[in-house]
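Okay, structure first, notes after.
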Number of protein chains: 2
Amino acid sequence: MATINDIAKYAGISIATVSRALNKPELVNADTRERVMQAAKKLNYFTNDKARQFNLKTKKLSLGVIIPYITSFYFGELYSGISRVAHENNIDLLLYELKSDNMAREGLTEAFSFAQRHLVDGVILASSHMPSEYDDLIEQLQMPVVLLLDAHESAKLPAFKVDDIRASFDAVAYLVSRGHRRIGMISALQTQRQERGEQLRLRGYKQAVDFYKLPYSHSFVVYGDMRFDDGYSAMKQLLAERDETGLTAVFAASDEMAIGAMRCIHDAGLRVPDDISVIGYDNLSVSNITTPKLTTIEQPFGQIGAEGARHIVKLLTEGEQLPEKGNFYMPYKIIERESVAENSASDK
Amino acid sequence: MATINDIAKYAGISIATVSRALNKPELVNADTRERVMQAAKKLNYFTNDKARQFNLKTKKLSLGVIIPYITSFYFGELYSGISRVAHENNIDLLLYELKSDNMAREGLTEAFSFAQRHLVDGVILASSHMPSEYDDLIEQLQMPVVLLLDAHESAKLPAFKVDDIRASFDAVAYLVSRGHRRIGMISALQTQRQERGEQLRLRGYKQAVDFYKLPYSHSFVVYGDMRFDDGYSAMKQLLAERDETGLTAVFAASDEMAIGAMRCIHDAGLRVPDDISVIGYDNLSVSNITTPKLTTIEQPFGQIGAEGARHIVKLLTEGEQLPEKGNFYMPYKIIERESVAENSASDK
DNA sequence: CTGAAAGCGCTTACAG
DNA sequence: CTGAAAGCGCTTACAG
């Protein structure tokens with residue numbers, strides 16, 4: 001590919017002038033400038049950004065976006081939010097897919113190494129729980145890191161997310177407002193030592209149970225790994241204990257599980273929402289095309305991505321004294337659709 | 001950040017040796033090697049790939065992945081396929097999201113410029129119809145380009161995709177095998193001058209109509225823009241003309257439209273598949289969680305991504321004399337689920 | 001307004 | 001086994 005040297009030769013001038021003509025046209029005589037442009041076009045020249053990066057002064061900002069679950073339903077929205085802000089600020093995005101979900105030290109190390117090798121200026125880490133034991137890796141990274149969707153164990157990094165506890169409380173409160181009192185929950189697995197955002201949702205549910213003095217026993221809560229199939233089998237359990245619990249509504253910690261639960265209810269010959277109401281958590285784009293359409297708590301993925309990106313950009317460009325840690329709670333809302341009905345059961 | 005110079009100073013040796021210790025350890029004395037490693041660790045050194053790229057001999061291969069619709073349901077699968085192959089071959093992936101769907105000249109130019117600026121070695125262009133009028137851009141790119149999911153207008157570039165005509169023919173044939181004869185189609189919009197892959201599906205439908213001598217009038221075909229809502233309103237039209245057509249089954253050119261159609265049928269008080277059977281096209285992951293689960297033609301997105309990547313890698317590394325143009329048809333199959341029933345209508 | 005030269009971080013042929 | 005030096009493509013302070 002043509003270099004600035006080729007242009008210089010072709011136009012019969014020095015490379016210094018070529019560089020100037022290309023980057024600071026106003027510093028160059030109109031004639032020469034024109035000659036350079038002609039040559040550049042003729043030779044099909046493209047500026048070599050990698051080379052340019054060496055001159056720290058002209059280095060273009062870039063951000064590493066590290067994310068597991070690139071196949072998840074929300075990835076697109078999240079990325080689009082980040083991408084919009086990056087574009088506005090003329091920043092390159094380098095995507096890195098975390099190979100394993102488990103956030104093993106090894107995976108994270110590899111991802112960070114990718115970021116460093118590519119001379120990225122900051123890192124956006126999405127949807128990955130950050131235990132304190134990785135603090136040394138973050139330290140070594142030597143650049144700002146922002147978390148999306150999940151928080152740092154001890155809030156040592158800025159995290160943009162929904163307040164899971166409050167949002168879950170509200171989900172249950174909504175069900176209560178529609179006349180339900182016997183409310184089950186399909187929660188995230190409790191395997192991890194730390195409490196992930198997803199697990200906070202159970203806390204919100206329990207607070208609501210206490211607050212509204214709802215009937216409760218351990219048969220009201222069942223666990224799954226956030227996906228469709230998990231929701232299905234979790235619901236199966238819930239249904240099996242229904243004689244005891246008298247369930248009229250269910251809160252699922254993810255839309256996928258909620259959709260799985262709806263399907264299970266359907267297969268059991270019951271109907272949503274007539275027999276059992278279901279509310280989810282996420283507002284995935286899928287949730288608007290199920291039958292019935294899912295009522296759910298919206299996580300504003302696009303906005304979360306955008307705000308996270310904006311924050312790191314500020315950190316990088318304005319040198320502003322922004323808080324470098326703590327959780328930034330983004331607004332959630334209840335999307336009312338068709339999966340929750342007014343409860344008319346006798347024990348109302 | 002620490003450079004190889006810092007290490008050299010710290011360890012009291014030349015940068016040449018440091019470089020060797022890092023890249024070709026076997027060429028270096030065990031002692032010195034050890035000293036270098038210690039220093040590297042101590043100084044938290046990361047190799048600067050950008051700099052390394054200059055030495056053409058050590059340049060790491062990288063591929064640009066250009067894709068519109070990063071929010072589409074199939075993006076994740078497609079990208080994962082590409083990513084797997086890239087990873088196996090130690091190749092970097094640089095993702096670029098085409099801002100507008102319309103494949104305007106401007107958007108493509110920007111994407112290609114991104115690819116050139118980042119010194120990418122080849123480009124994978126997904127899901128974007130390639131009219132011949134852009135041949136000059138491809139020409140200027142001066143690197144291999146592979147198309148995914150859609151073809152070049154005059155087959156001047158290798159394209160990895162499903163044979164839309166045959167697959168669609170088979171979709172209709174499947175319906176016929178289940179006793180249906182009055183079969184409608186929800187097709188892609190016919191706005192473009194060129195025939196996109198999506199539009200080829202209508203050709204397949206028509207061939208099947210001819211082959212099986214199925215009843216047909218223009219009321220059997222209706223058009224939509226591939227999304228859920230389009231499927232919904234298209235189905236509405238089809239339902240409106242049902243007195244005339246006597247429809248018992250529908251073939252939709254995309255799963256999203258099929259799911260929209262199912263919803264429309266449901267809202268009209270009819271049932272899938274009991275009253276009307278529906279078959280889709282794509283096999284999105286969503287299609288397995290609808291109620292009823294969608295019977296559909298599978299496009300092997302992961303495999304398409306992987307094969308496309310593999311092809312370009314071969315082009316790049318083995319210098320093999322591969323065909324640089326033409327369509328490579330990937331295997332599709334019919335995924336039988338719940339949305340198609342045996343037809344027992346009187347006019348069978 | 002323009003050119004010669006140094007430097008960005010790294011690799012490797014060439015000597016030793 | 002190791003070092004001095006050239007070169008990858010580009011930018012910019014310094015002279016002129």
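Since we're looking at a predicted model, the values are computed, not measured. Lettering of chains follows the sequences in order, A, B, ..., and the numbering in each one begins at 1.
Evaluation of the side chain to side chain contact (heavy atoms under 4.5 Å, CB included) rule for Leu43(A) yields Ala2(A), Asp6(A), Ile7(A), Tyr10(A) as partners, not counting sequence neighbours. Shown here are the side chain to side chain contact (heavy atoms under 4.5 Å, CB included) partners of Phe73(B), two or more places apart in sequence or in another chain: Phe73(A), Ser285(A), Val286(A), Glu256(B), Leu284(B), Val286(B). For Phe114(B), the ring pair (Phe, Tyr, Trp, His ring centres under 6.0 Å) criterion is met by Tyr96(B), His118(B), not counting sequence neighbours. Remark: Pro300(B) engages Val162(B), Gln303(B), Ile304(B), Met330(B) in a side chain to side chain contact (heavy atoms under 4.5 Å, CB included) (not counting sequence neighbours). Partners of Thr109(A) by side-chain hydrogen bond (donor to acceptor under 3.5 Å, both in side chains), not counting sequence neighbours: none found.
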Return all side-chain donor-acceptor pairs below 3.5 angstrom for residues 74-84 of chain A, not counting sequence neighbours, or 'none' if the list is empty.
from	atom 1	to	atom 2	distance (Å)
Tyr74(A)	OH	Ser127(A)	OG	2.8
Ser80(A)	OG	Gly76(A)	O	2.8
Ser83(A)	OG	Glu97(B)	OE1	3.4

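Within the 4.5 Å cutoff, the side chain of Phe301(A) has heavy atoms near those of the Leu149(A) side chain.
One interatomic measurement links the two molecules: CG of Asp31(A) to C1' of dC1(C), which rounds to 12 Å at whole-angstrom precision. Taking atom CG on Leu22(B) and atom P on dT11(C), their separation rounds to 7 Å, with Å as the unit. Distance CG (Asp6(B)) to P (dC10(C)): 9 Å, rounded to an integer number of Å. Between the CD atom of Glu34(B) and the P atom of dC1(D) there is a distance of 16 Å, given to the nearest Å. Here the C1' atom of nucleotide dG9(C) and the OH atom of Tyr45(B) are 7 Å apart, to the nearest Å. Per the geometry, CZ belonging to Phe46(B) stands 17 Å off C1' belonging to dC10(C), to the nearest Å.
Comparing the P positions of dC14(C) and dC10(C) gives a spacing of 24 Å, expressed to the nearest Å. Taking atom P on both nucleotides, dA15(C) is separated from dT11(C) by 22 Å, rounded to a whole Å.
For Glu26(A), the CD atom counts as densely surrounded, since its 6.0 Å shell holds more than 12 non-hydrogen atoms of other residues, nucleotides or ligands.
Phosphate proximity of dT11(C) to Asn23(B): present, with a side-chain N or O under 4.0 Å from OP1 or OP2. In this model, the phosphate group of dT12(D) is approached by a side-chain N or O of Lys24(A) to a distance below 4.0 Å at OP1 or OP2.
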Give me the distances for all protein-to-nucleotides 2-6 of chain D N/O pairs that come in under 3.5 Å?
from	atom 1	to	atom 2	distance (Å)
dT2(D)	OP1	Thr32(B)	OG1	2.7
dT2(D)	OP2	Asn29(B)	N	3.1
dT2(D)	OP2	Thr32(B)	OG1	3.2
dG3(D)	OP2	Ser14(B)	N	3.2
dG3(D)	OP2	Ser14(B)	OG	3.1
dG3(D)	OP2	Thr17(B)	OG1	2.6
dG3(D)	N7	Arg20(B)	NH2	2.7
dG3(D)	O6	Arg20(B)	NH1	3.1
dG3(D)	O6	Arg20(B)	NH2	3.2

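Heavy atoms of Ser19(A) sit under 4.0 angstrom from at least one base atom.
Screening residues 29-41 of chain A for side chain to side chain donor-acceptor pair (under 3.5 Å) gives Glu34(A)-Gln38(A) as the qualifying pairs, with residues at least two apart or on separate chains.
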Intra- and inter-strand pairing of DNA chain C, written as dot-bracket with Watson-Crick and G-U pairs under 3.5 Å and | for the latter, reads |||.||||||||.|||

